[in-house]
Q: 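Handing you a structure now.
Because the structure is a prediction, the values reported are computed rather than measured. Below, chains carry the letters A, B, ... as their sequence lines are ordered, and counting in each starts from 1. Hydrogens, waters and symmetry mates play no part in the numbers below; they use all other heavy atoms, side chains included.
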Number of protein chains: 2
Amino acid sequence: MSAVTIRDVAQAAGVSLSSVSRALNGGKHVSARIARDVAAAADRLGYQPDFTARSLRTRTSGMVGCLVSDIANPLNATIVRAAEARLRDAGYLLVVASTGNDPARERTAAIAFRGRRLDGLLVAPGSNANAKTWRDLGAAGTALVIVDRDPLEEDGDVSWPAVLVDHRAGAMAATRYLIGLGHRRIALLTADAEMRPSRERIAGFQEAFAEAGIDPAGAQLCLQSSPMDFAHGDALALLRDGGLHGSGRPTAIVALGTRILAGVLRAARDSGLSVPDDLSVVSVGDTDLAAVHTPAITALRWSLEDVGRAAAELLLQRLRGDAGQTQNRALLPVDLVLRDSCAPPKTI
Amino acid sequence: MSAVTIRDVAQAAGVSLSSVSRALNGGKHVSARIARDVAAAADRLGYQPDFTARSLRTRTSGMVGCLVSDIANPLNATIVRAAEARLRDAGYLLVVASTGNDPARERTAAIAFRGRRLDGLLVAPGSNANAKTWRDLGAAGTALVIVDRDPLEEDGDVSWPAVLVDHRAGAMAATRYLIGLGHRRIALLTADAEMRPSRERIAGFQEAFAEAGIDPAGAQLCLQSSPMDFAHGDALALLRDGGLHGSGRPTAIVALGTRILAGVLRAARDSGLSVPDDLSVVSVGDTDLAAVHTPAITALRWSLEDVGRAAAELLLQRLRGDAGQTQNRALLPVDLVLRDSCAPPKTI
DNA sequence: CACATTCTTGAAATCGTTTCCAGTAACCTT
DNA sequence: AAGGTTACTGGAAACGATTTCAAGAATGTG
């Protein structure tokens with residue numbers, strides 16, 4: 001029961017409210033005697049400042065928001081944890097909200113955040129439908145950092161600080177590797193082609209084909225048709241029906257994301273294809289599933305901890321107002337972890 | 001830039017501040033004319049209430065906290081998501097913090113929460129070291145709901161509202177099933193024996209042995225010795241050295257948790273044992289890994305969504321102050337999902 | 001020693017709401 | 001029609017901090 005306010009401390013220490021405030025905030029213009037007395041009184045009474053009142057006056061809350069499509073997604077969850085750890089050390093609380101990539105929910109969350117005066121926001125927008133919302137938030141004084149999404153607005157005018165992952169280089173490395181093994185028909189299975197990560201990966205995938213001077217028709221893109229079965233059906237069709245354009249079934253699949261990897265592995269099993277003898281598989285994103293599966297799945301890996309940390313760091317720089325030396329980009333590398341799920345294609 | 005306050009609305013509508021407040025909060029004692037005018041003015045000006053100021057006056061924040069050991073743990077993350085969804089619908093924001101089961105961090109988080117006037121708290125304490133902290137928080141008016149942890153304080157005086165999972169029944173069902181298949185030497189591999197979930201599972205495990213009237217020496221408990229390798233080493237020792245007490249290696253393993261399951265599966269592979277022919281495996285907790293692994297792993301499953309939802313529901317009941325009809329326990333069932341990782345033991 | 005400058009200090013204003021309190025108007029009831 | 005109850009309404013007082021301002025004390029300077 002912390003009914004003890006700054007007023008009580010003032011009374012106990014026999015000084016005025018203003019002096020207590022100054023003393024507690026370590027400000028200048030306080031005599032040593034008062035500083036000592038106030039500290040003692042505050043300690044004795046167990047005073048805890050009321051952030052609500054402070055927020056009202058200072059227009060800062062000591063809280064930052066985090067807006068992602070789904071906090072339960074292990075990728076996001078890890079990022080959130082790392083960001084939370086860094087922010088907590090800096091004295092901030094983290095408020096989270098899942099948007100399900102729904103622009104309307106993004107907007108209502110943004111409004112709720114602004115109403116609570118959140119100082120900053122880490123956000124992975126599900127689309128660029130809410131550009132105006134972010135701009136408004138920025139204008140209202142909220143520091144904004146984009147996480148692994150397009151940092152540029154459509155018109156290219158505004159660019160937000162952002163933490164980006166080099167998905168393009170990663171996808172290129174994986175594709176190069178498969179091409180190097182002799183694969184010529186490789187399918188890329190992805191949930192959407194809209195958002196930055198997928199778009200960049202697709203670009204890297206195709207770039208690798210171009211670079212190798214190989215028939216780009218072998219680079220098969222397959223968008224997940226139904227989000228329900230995690231691409232299980234799509235993978236099945238791909239493997240059974242001899243490929244998308246009748247060009248023969250792919251000898252290798254690059255699966256974007258944990259759930260899709262699961263769908264692909266089930267599909268391979270259902271089709272009686274063995275990995276890696278009949279089908280090479282690369283997972284984009286390294287998870288328990290990829291690491292422990294038999295055979296262990298070759299995967300693209302990047303550090304989610306680093307993403308979260310970097311995002312928090314960028315945000316903290318703005319919150320502290322480190323004018324001048326604020327960077328506004330972080331580009332994190334992607335590694336190809338070689339395991340046992342890839343082999344040269346069987347000559348048919 | 002929301003510099004528009006209730007004062008501006010009052011001016012625009014030509015009424016007093018108090019009337020605006022009453023009108024906006026849908027209170028009684030407002031004439032239809034004023035209600036209409038105020039709504040119109042607020043709408044026109046784009047008024048958004050300032051929760052900071054409101055909080056100061058009403059002593060409520062519209063936020064609830066969530067304190068778990070690790071938000072990135074898929075189990076917690078799913079619970080958090082479900083709780084967040086329910087709470088968001090009710091107009092609350094969710095503040096998260098990871099404690100790493102460290103009592104000191106729990107305490108500082110609790111202080112930060114109280115300073116921000118959080119209305120409620122979902123918490124999965126890492127120990128009962130902080131009983132006093134929770135009691136203080138409760139005394140300060142914070143609604144508290146315990147998630148899958150002991151709801152009773154050590155002295156048994158106070159009992160918190162709690163969402164519990166019937167881990168005991170689940171473990172019994174799994175053990176019964178293995179015993180029914182003919183297994184007599186079954187190992188239970190777990191990270192700790194302290195916290196409620198593990199304790200209950202161990203109890204259920206032993207109860208099943210007692211029930212079957214079988215030599216309880218076959219029920220081997222193995223605590224994870226090093227958290228680093230996710231019980232890989234422990235599992236290896238168990239499988240190689242012919243069991244814990246020289247009583248022969250277990251023919252079945254029940255692995256508590258995703259990471260431990262991964263360790264066990266790696267250990268089985270490393271020992272050249274095939275699942276389920278040489279070793280039956282049951283996973284406690286159903287994950288992608290368990291579902292997609294070859295062979296698919298029989299698992300104990302409970303709905304994390306239900307846990308999160310139920311926790312939010314319990315909390316909301318208290319927040320709304322539904323006196324009388326507030327339940328303070330929810331007990332959620334655990335199901336045994338039969339897959340391909342269990343078989344009768346080979347007669348040696 | 002007189003005067004200017006800097007340091008401390010407390011009173012009061014402020015942040016944006018909600019809510020208590022009184023005052024007025026409207027509506028019943030007999 | 002008079003008195004009593006009830007419904008609205010606006011002024012003002014919270015809520016608990018920070019910050020501005022002006023006054024007083026202390027110090028420095030010529």
Side-chain angles (χ1 to χ4, degrees), chain A residues 1-38 41-42 45-63 91 111-112 114-119 140-141, chain B residues 1-38 41-42 45-63 91 111-112 114-119 140-141:
Chain A
M1 176 79 109
S2 161
V4 41
T5 80
I6 199 176
R7 167 171 246 111
D8 302 321
V9 177
Q11 197 156 27
V15 296
S16 75
L17 270 64
S18 11
S19 294
V20 175
S21 177
R22 277 187 291 254
L24 259 33
N25 296 344
K28 288 307 304 169
H29 306 292
V30 187
S31 70
R33 187 184 60 78
I34 288 197
R36 179 170 40 76
D37 290 359
V38 166
L45 270 58
Y47 169 75
Q48 295 291 350
D50 183 322
F51 277 75
T52 309
R54 177 182 298 185
S55 295
L56 181 56
R57 186 66 229 257
T58 63
R59 322 187 73 81
T60 69
S61 60
M63 303 188 293
I111 290 175
R114 195 179 55 185
R116 264 95 169 182
R117 290 255 163 79
L118 296 212
D119 299 333
Chain B
M1 177 80 110
S2 161
V4 41
T5 80
I6 201 176
R7 168 171 246 109
D8 302 320
V9 177
Q11 196 156 25
V15 297
S16 74
L17 270 63
S18 9
S19 294
V20 175
S21 177
R22 279 186 292 252
L24 259 31
N25 295 343
K28 286 312 299 170
H29 306 290
V30 187
S31 70
R33 188 184 60 77
I34 288 197
R36 180 170 39 77
D37 290 358
V38 167
L45 271 56
Y47 169 74
Q48 295 291 349
D50 182 323
F51 277 76
T52 309
R54 178 182 298 184
S55 295
L56 180 57
R57 186 66 231 254
T58 63
R59 322 187 75 82
T60 70
S61 60
M63 304 189 292
I111 290 175
R114 196 180 52 184
R116 264 95 171 184
R117 290 253 164 80
L118 295 212
D119 300 334

Q: Between A:L24 and A:Y47, is any pair of side-chain heavy atoms under 4.5 Å apart?
A: yes
Q: Are B:S19 and B:V38 close enough that some pair of their side-chain heavy atoms sits under 4.5 Å apart?
A: no
Q: Considering non-hydrogen atoms only, spot the tightest contact between A:A10 and A:L17 and give its length.
A: CB-N, 4.0 Å
Q: To the nearest Å, give me how far apart CZ (B:R117) and P (C:dT18) are.
A: 15 Å
Q: For the helix from C:dC1-D:dG30 to C:dT30-D:dA1, figure out the bend between the end axes, five pairs an end, and round to 10 degrees.
A: 40°
Q: Could you write nucleotides 19-27 of chain C as a row of B, S and -, 5' to 3', where a protein heavy atom under 4.0 Å of any base atom gives B, of only sugar-phosphate atoms gives S, and otherwise -?
A: BB-------
Q: Calculate the interatomic distance between A:F51 atom CZ and C:dC15 atom C1'; express it in whole Å.
A: 17 Å
Q: Let me know the distance between NE2 of B:H29 and P of D:dG10, rounded to the nearest Å.
A: 15 Å
Q: Of all the heavy-atom pairs spanning B:A23 and B:V30, show the shortest one and how long it is.
A: N-CG2, 3.9 Å
Q: Can you tell me how far P of D:dA7 sits from CD1 of B:I34, to the nearest Å?
A: 16 Å
Q: Testing the basics here: between B:A3 and B:D8, what is the closest heavy-atom pair and its distance to 0.1 Å?
A: O-OD2, 3.4 Å
Q: Starting at CZ of B:R54 and ending at C1' of D:dG16, how long is that distance when rounded to a whole Å?
A: 18 Å
Q: Round to the nearest Å and state the distance from B:R59 atom CZ to C:dT18 atom C1'.
A: 13 Å
Q: Write down the distance between CZ (B:R7) and C1' (D:dA12), rounded to a whole number of angstrom.
A: 12 Å
Q: Can you find a pair of side-chain heavy atoms, one from A:T5 and one from A:D50, that are under 4.5 Å apart?
A: no
Q: Taking all atoms of both residues into account, what is the closest heavy-atom pair of B:A53 and A:L56, and its distance?
A: CB-CD1, 3.7 Å
Q: Does B:S61 offer a backbone N or O that forms a donor-acceptor pair with the side chain of B:R116 under 3.5 Å?
A: no
Q: Whole Å only: how far is the CZ atom of A:R33 from the C1' atom of C:dC7?
A: 14 Å
Q: With a 4.5 Å heavy-atom cut-off, do A:V15 and A:D37 have their side chains touching?
A: no
Q: Of the nucleotides D:dG10, C:dT17, C:dT9, which one has an atom closest to the side chain of B:A53?
A: C:dT17
Q: The side chain of B:V30 lies closest to which of these nucleotides: C:dT17, D:dT9, C:dG16?
A: D:dT9
Q: Can you tell me if the side-chain N/O atoms of B:T52 get under 4.0 Å from OP1 or OP2 in C:dT17?
A: no
